[in-house]
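Reading through the structure tokens given below for one structure.
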Amino acid sequence: MTPLHLKTLAQHIQALAQHDYTSVRLTEYYLNRIEQLDGHINSFISITPEHALNAAQASDTRRQNGTTLGPLDGIPIAHKDIFCTQGVKTSCGSKMLDNFISPYNAHIVEQCQQAGLIMLGKTNMDEFAMGSSSESSYYGPVKNPWSTAHVAGGSSGGAAAALAAHFAPLATGTDTGGSIRQPAAFCGLTGLKPTYGRVSRFGVIAYASSLDQAGPMGHSAEDCAYLLNVMAGHDARDSTSIDRPVDDYVSALTTALPAPATGKPLEGLRIGLPKQYFQQGLDPDIKAHLDSALAVLERQGAVLVEVDLAMSNAAISAYYLIAPAEASANLSRYDGVRYGYRCANPTDLTDLYQRSRGEGFGPEVKRRILIGTYALSAGYYDAYYLKAQKVRRLIAEDFKAAFGHCDVIAGPTAPTAAFAMGAKQDPIAMYLGDIYTVAVNLAGLPALSMPCGFDTSYAGETDGPRLPVGLQLIGNYWQEAQLLALAHHFQGLTDWHTQFSPIAAQTLGA
Ligand code: GLN
């Protein structure tokens, strides 16, 4: 019999509906796994058993009374520790917020509660979501369940690792420059960054507000569709949240792609391949896996067309000016006065500011604050910040032109598979790994990553551990349903997303 943690989300939904097991049983099972095994992975910052079991009990009562709140009622979930959770520590991976108990819930946390989802705890992440490896967390690095010598990706690395270890069937993440897609790729998961404005940022600790977007992470496009149904929608408390109807992403899994009159299932679907995404810098093994995945889609009738994203080379530079500039402003609120870390025995106000910030922030956060402050200062503003904003516009125009020739864009999520822990000490080397993800955020487009193979020879390793490879699909604005449907179709033909990490294969005597 399949152990509970290896069942799919759809199987859990069905089993709860048929009363095969209760939400309390499922929740206890996952909590037990986390307790027994997370010491190897470090995917959680906080575990909330009391909260979870009370919520699970309430869900079971609703089910007995025939008043369930929807398909996900009673299903456990892990929230990234960037989402404010009322009465629960919300640290954002930082010493600065180690003592912060949020007085309110983020919009998406509220939405999940209203759908009956059970929060198991808060997942580990790069400090203030700044990073691509989840090594910059105050709570220690997250390890990849496929190989604990490798990083889980970042910044939503805890969410990805928790899923890959099968500590939870669903997780939330945020993506400012790739933080849902890249850890999803490194851990063999499906993760979606929605169109900017599709999901409310209310109660999401701000990193770079014009780029931040929350989204679902799971084992399949179907899992993401279920969770996006709960997360998406207008919220007046976020002025950038857009008031437009939300699709039913689950039913759209089988209806969002245009039905071909005759011929093959993907007949006529034009998939754009940006020529800049398949050039130097891309690991040849990753390219080989992408080519095989694209061949699968081509055999289904999709047409592969080359598109030109000419500004791609400027994306990293523009992103690493705009994101730190916004971060330097957003993080000015952590001053030791109102909430968060305060230094001991300050001698005066300046000492209070300097030491609270000096002791509360880690090195990567300080580096970003310095870069951002510099880029925004008089004399440099025009040369750096304003220039970066102009490049941002050109990047968005590139995508617009590309979508004149194709329906969806495909490419790598990251240039390599998960790298070894500690391998990227040079910040620039770390930043360059974001080459295929940041442009999407600069343009505000939706994109997802899904598994398309395993690399066993990264960085010259012969016969190294099996590390997942991600394929990125980028859609036009508001085309989340189409992206999920295409990924779902691919997952109906392949089994990359159903494979288990070594930690997932460990079964406890529960
Ligand atoms: N790696 C990118 C950065 O460090 C993206 C992080 C994110 O999306 N939160 O900024």
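All ligand and atom numbering here is 1-based and tracks the order in the structure.
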Got the closest protein heavy atom to atom 7 (C) of ligand 1, with its distance?
Ser179 OG, 2.4 Å

Per-atom contacts, ligand 1 versus Ala129 - under 4.0 Å to a heavy atom
6 (C), 7 (C), 9 (N)

Under a 4.0 angstrom heavy-atom cut-off, which atoms of ligand 1 come close to Gly131?
1 (N), 2 (C), 3 (C), 4 (O), 6 (C)

What do you reckon, does Ser132 have a nitrogen or oxygen under 3.5 Å from a nitrogen or oxygen of ligand 1?
yes

The answer for which part of Thr176 has a heavy atom under 4.0 Å from ligand 1 is both

What I want to check is whether the side chains of Thr90 and Thr85 have a donor and an acceptor closer together than 3.5 Å.
yes

Ser155 and ligand 1 - part of the residue with a heavy-atom distance under 4.0 Å:
side chain

Checking Glu364 against Arg367 for the salt bridge (Lys or Arg N to Asp or Glu O under 4.0 Å) test, could you report, in this order, the C-alpha distance in whole Å, the side-chain angles of both residues, the deciding distance, and whether it holds?
CA-CA 5 Å; Glu364 185 57 33; Arg367 186 175 298 120; 2.2 Å; yes

Residues Asp235 and Ser241: side-chain donor-acceptor under 3.5 angstrom:
no

If you count the atoms of ligand 1 from 1 in the order shown, which ones are under 4.0 Å from a heavy atom of Tyr207?
3 (C), 9 (N), 10 (O)

Check whether Glu480 reaches the backbone of Thr195 with its side chain - one donor and one acceptor, N or O, closer than 3.5 Å.
yes

For atom 5 (C) of ligand 1, which protein heavy atom lies nearest, and how many Å away is it?
Tyr319 OH, 3.3 Å

Check against side-chain contact (heavy atoms from CB on, under 4.5 Å), Arg201 and His107:
CA-CA 7 Å; Arg201 291 181 299 108; His107 179 74; over 6 Å; no

For atom 2 (C) of ligand 1, grab the closest protein heavy atom and report residue, atom and distance to one decimal in Å.
Asp434 OD2, 3.2 Å

Is it true that Asp38 and Arg33 make a salt bridge, defined as a side-chain N closer than 4.0 Å to a carboxylate O?
no

Distance-only polar pair, side chains of Gln389 and Tyr385, donor-acceptor under 3.5 Å:
yes

Taking non-hydrogen atoms only, is Tyr320 closer than 4.0 angstrom to ligand 1 via side chain, backbone, both or neither?
side chain

Strictly by modelled atom types, are Asn330 and Ser209 linked by a side-chain donor-acceptor pair under 3.5 Å?
yes

Tell me yes or no: between the side chains of Ser200 and Arg237, is some donor less than 3.5 Å from an acceptor?
no

Please verify whether a non-hydrogen atom of Ala323 lies at under 4.0 Å from ligand 1.
no

Within the 4.0 Å heavy-atom cut-off, what Tyr431 brings close to ligand 1 is neither

Checking contacts here: is it the side chain or the backbone of Arg368 that comes within 4.0 Å of ligand 1, counting heavy atoms only? Could be both or neither.
side chain

